[in-house]
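Scroll down for the structure; my scribbles are underneath it.
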Amino acid sequence: MINILVTGGAGFIGSNFVPYFLEANKNVNLINIDALTYAGNLQNLDEVETHERYTFIKGDICDRKLIEKIFEQYTIQGVIHFAAESHVDNSIINPDAFMQTNILGTFNLIDVAKKYWMVGPGVYKEAFKDSRFHHVSTDEVYGTLGKEGLFMETTPYAPNSPYSASKASSDFIVRSYHHTYGMNVVTTNCSNNYGPKQHGEKLIPTIIRKAWAGEPIPIYGDGSNIRDWLYVLDHCKGIALAYFKGISGETYNIGGRNERNNLYIAQTVCEILDRKHPRAEGSYKELITYVKDRAGHDFRYAIDATKIENDLGWEADENFESGIDKTIDWYLNKFIHNQSKSLA
C-alpha cells in the first residue's frame with residue numbers, strides 16, 4: 001500500500017478527488033488534512049467517512065509540528081496539495097490569510113517532505129525513492145488575457161490579485177525545491193472548476209442558489225468577463241494522471257476548452273432551471289442583476305491543455321453544456337433534500 005497525504009481534501013476540488021482517487025487506486029491509503037475553514041465541509045466526504053483506506057485529520061498546514069507528526073505516524077510516501085485560500089473577493093478584503101496558508105503552508109509541506117524523504121540534494125531514501133509532491137495551482141497566476149491567446153505552461157507569471165500572487169509564490173517555492181534539491185515534484189495549473197460540492201460563494205453555485213430563492217442574481221460589471229470552464233471530475237482525472245505519469249519538474253495546464261462569459265453562464269443556468277424547476281411566474285432570467293465590478297477583475301482566462309493531452313493522454317469528458325446539466329441536478333437534489341428536512 002502507498003500512503004498519500006492529501007491537503008484540503010474537504011474543499012470543493014479535494015472532496016471530489018478523494019472518492020474518485022480511492023475508487024481508482026486500490027493500493028492507496030489517503031490521509032486527508034483539512035483545517036475546515038469556511039471553504040471546507042466534512043459533509044462533502046460523507047461517502048468515504050468510514051472507508052478503510054481513508055483517514056481524516058483536522059489541522060492546519062501552517063502547523064509544522066503537526067505536519068512532521070503526520071509524516072512520521074503514517075509514513076507518508078506522496079503528497080497531493082490542494083489546500084489553499086482561494087476566494088478572490090476575500091483575498092482583496094483580507095489578504096493575510098492567503099499569504100499564510102498559500103505561501104507558508106506550502107513551504108511547510110514541501111520542506112517537511114524533503115527532510116523526511118531525502119538524505120541530500122537529489123538523493124532519496126530507498127523507502128521513498130518514488131515519492132512525489134504534487135502541487136495543485138491555478139491559471140490566475142498568469143494574469144489576464146485579451147480577446148485572443150491562451151495560457152501555456154511557458155506563459156510568464158503576472159498575478160493581479162493577492163490570491164493569485166500567493167499562488168504564484170507557492171508555485172515558485174515548489175519549483176525551487178526541484179531545481180535546488182532535486183525533489184520529485186509536479187505542478188498542475190487549472191482553469192475555473194465547477195460541479196458538485198462547490199462553495200456557495202462561487203459564481204455558478206451563487207446563480208443557482210439565488211435563483212432557487214427567488215433573489216436577484218448578481219453579475220459583475222456587464223457580464224462580459226470570460227473564463228475557461230472545467231468540470232471538476234475532469235480536473236480530478238487530470239491531477240491523478242499528472243501525479244502518476246507526469247515528468248518530474250514539469251507543469252501541466254488543465255483546461256476544459258469551454259470559454260464562456262459570465263452572462264452566458266447565468267442565462268444558461270436560468271434556462272435549465274426554467275426547464276427543470278420552473279418559477280411560478282416568468283423566467284429566472286428576470287432575476288439577473290448587474291452589480292459593481294470587482295476591483296482588478298481579470299477580463300479573460302483560457303488554457304491551452306495541449307501538453308497534458310498529448311503527453312499524458314488526458315481529455316475532458318464533459319463540455320460545459322453537459323457538465324452544467326449534471327451540476328444543476330446535484331444542487332437541485334441538495335436544495336430539495338434540505339427543504340424536505342426543514343419541513344419534517
Side-chain angles (χ1 to χ4, degrees), residues 4 6-9 11-21 24-25 78-84 86 88 102 106 132-145 149-155 157 159 163-164 167-168 170-171 174-175 178 185-198 202-204 226-260 298 300-320 322-324 326-327:
I4 295 177
V6 170
T7 70
F12 166 44
I13 301 172
S15 65
N16 279 275
F17 179 81
V18 167
Y20 162 75
F21 200 73
N25 300 281
V79 175
I80 301 175
H81 175 34
F82 293 96
S86 63
V88 177
N102 298 354
T106 300
R132 162 165 282 182
F133 189 101
H134 183 136
H135 179 55
V136 180
S137 191
T138 172
D139 59 357
E140 295 191 41
V141 298
Y142 298 120
T144 186
L145 291 166
L150 298 170
F151 292 137
M152 302 177 69
E153 289 82 359
T154 53
T155 300
Y157 276 31
Y163 160 61
S164 56
K167 288 297 289 184
S170 66
D171 291 7
V174 173
R175 173 188 168 88
H178 173 72
V185 307
V186 67
T187 297
T188 49
N189 295 76
C190 68
S191 58
N192 273 43
N193 280 222
Y194 70 100
K197 305 180 183 179
Q198 191 166 24
K202 292 291 191 174
L203 176 65
I204 289 174
I226 297 168
R227 299 294 182 262
D228 174 11
W229 292 92
L230 174 65
Y231 190 64
V232 65
L233 187 56
D234 285 329
H235 184 201
C236 293
K237 293 172 182 176
I239 291 168
L241 265 177
Y243 180 79
F244 286 119
K245 297 184 178 180
I247 296 172
S248 181
E250 291 293 311
T251 294
Y252 297 91
N253 283 350
I254 309 176
R257 299 189 186 274
N258 287 294
E259 290 187 55
R260 305 288 190 276
D298 289 338
R300 173 174 169 258
Y301 306 145
I303 270 182
D304 182 348
T306 300
K307 181 176 177 179
I308 193 168
E309 290 168 345
N310 290 349
D311 292 4
L312 304 185
W314 177 86
E315 61 179 346
D317 292 323
E318 307 292 343
N319 60 34
F320 181 76
S322 65
I324 195 64
K326 292 180 177 182
T327 301

Mind checking whether [X] and [Y] have side chains closer than 4.5 Å, heavy atoms only?
| X | Y | result |
| --- | --- | --- |
| P196 | Y231 | yes |
| K197 | N16 | yes |
| Y301 | T138 | no |

Just how far is it from atom [atom1] of [X] to atom [atom2] of [Y], taken to the nearest 0.5 Å?
| X | Y | atom1 | atom2 | answer |
| --- | --- | --- | --- | --- |
| H81 | T7 | NE2 | OG1 | 5.0 Å |
| N193 | I254 | CG | CD1 | 8.5 Å |
| K167 | E140 | NZ | CD | 10.5 Å |

Which atom pair, heavy atoms only, marks the closest approach of W314 to D234?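 What the structure gives for the nearest pair is NE1-O, 3.0 Å.
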
Restricting to non-hydrogen atoms, name the atom on N192 and the atom on D139 that form the minimum distance, rounded to 0.1 Å.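 Looking at all heavy atoms of both residues, the closest pair is N-OD2, 4.3 Å.
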
Determine, step by step, whether T306 and M152 satisfy the side-chain contact (heavy atoms from CB on, under 4.5 Å) criterion, reporting the C-alpha distance in whole Å, the side-chain angles of both residues, the deciding distance to 0.1 Å, and the verdict. CA-CA 9 Å; T306 300; M152 302 177 69; over 6 Å; no

Whether R132 side chain and Y243 backbone form a donor-acceptor pair below 3.5 Å: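 Pair found, side chain donor or acceptor close to backbone of Y243.
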
Ignoring hydrogens and geometry, is there a side-chain-to-backbone donor-acceptor pair from S322 to E318 under 3.5 Å?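 Flag not set: sc S322 to bb E318 has no pair under 3.5 Å.
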
Give the ring-plane orientation class for Y194 versus F320, where under 30° counts as parallel, over 60° as perpendicular and anything between as tilted.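 If you compare the ring of Y194 with that of F320, the planes turn out tilted.
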
Does the side-chain contact (heavy atoms from CB on, under 4.5 Å) test come out yes or no for K237 and L233, once each step is laid out? CA-CA 6 Å; K237 293 172 182 176; L233 187 56; 3.9 Å; yes

side-chain contact (heavy atoms from CB on, under 4.5 Å) evaluation trace for I239 with Y20: CA-CA 11 Å; I239 291 168; Y20 162 75; over 6 Å; no

Once side-chain contact (heavy atoms from CB on, under 4.5 Å) is applied, do any residues pair with T251, and if so which ones, sequence neighbours excluded?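 Scan of T251 (side-chain contact (heavy atoms from CB on, under 4.5 Å), adjacent residues dropped) gives Y142, E153, T187, N189, N253.
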
By the salt bridge (Lys or Arg N to Asp or Glu O under 4.0 Å) test, which pairs, at least two apart or in different chains, include something from residues 247-259?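 Passing the test, one end in residues 247-259: E250-K307, R257-D304, R257-E309, E259-R300.
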
Scan side-chain atoms only and decide if D311 and Y252 contain a donor-acceptor pair under the 3.5 Å cut-off.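 Per modelled atom types, D311 and Y252 side chains form no pair under 3.5 Å.
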
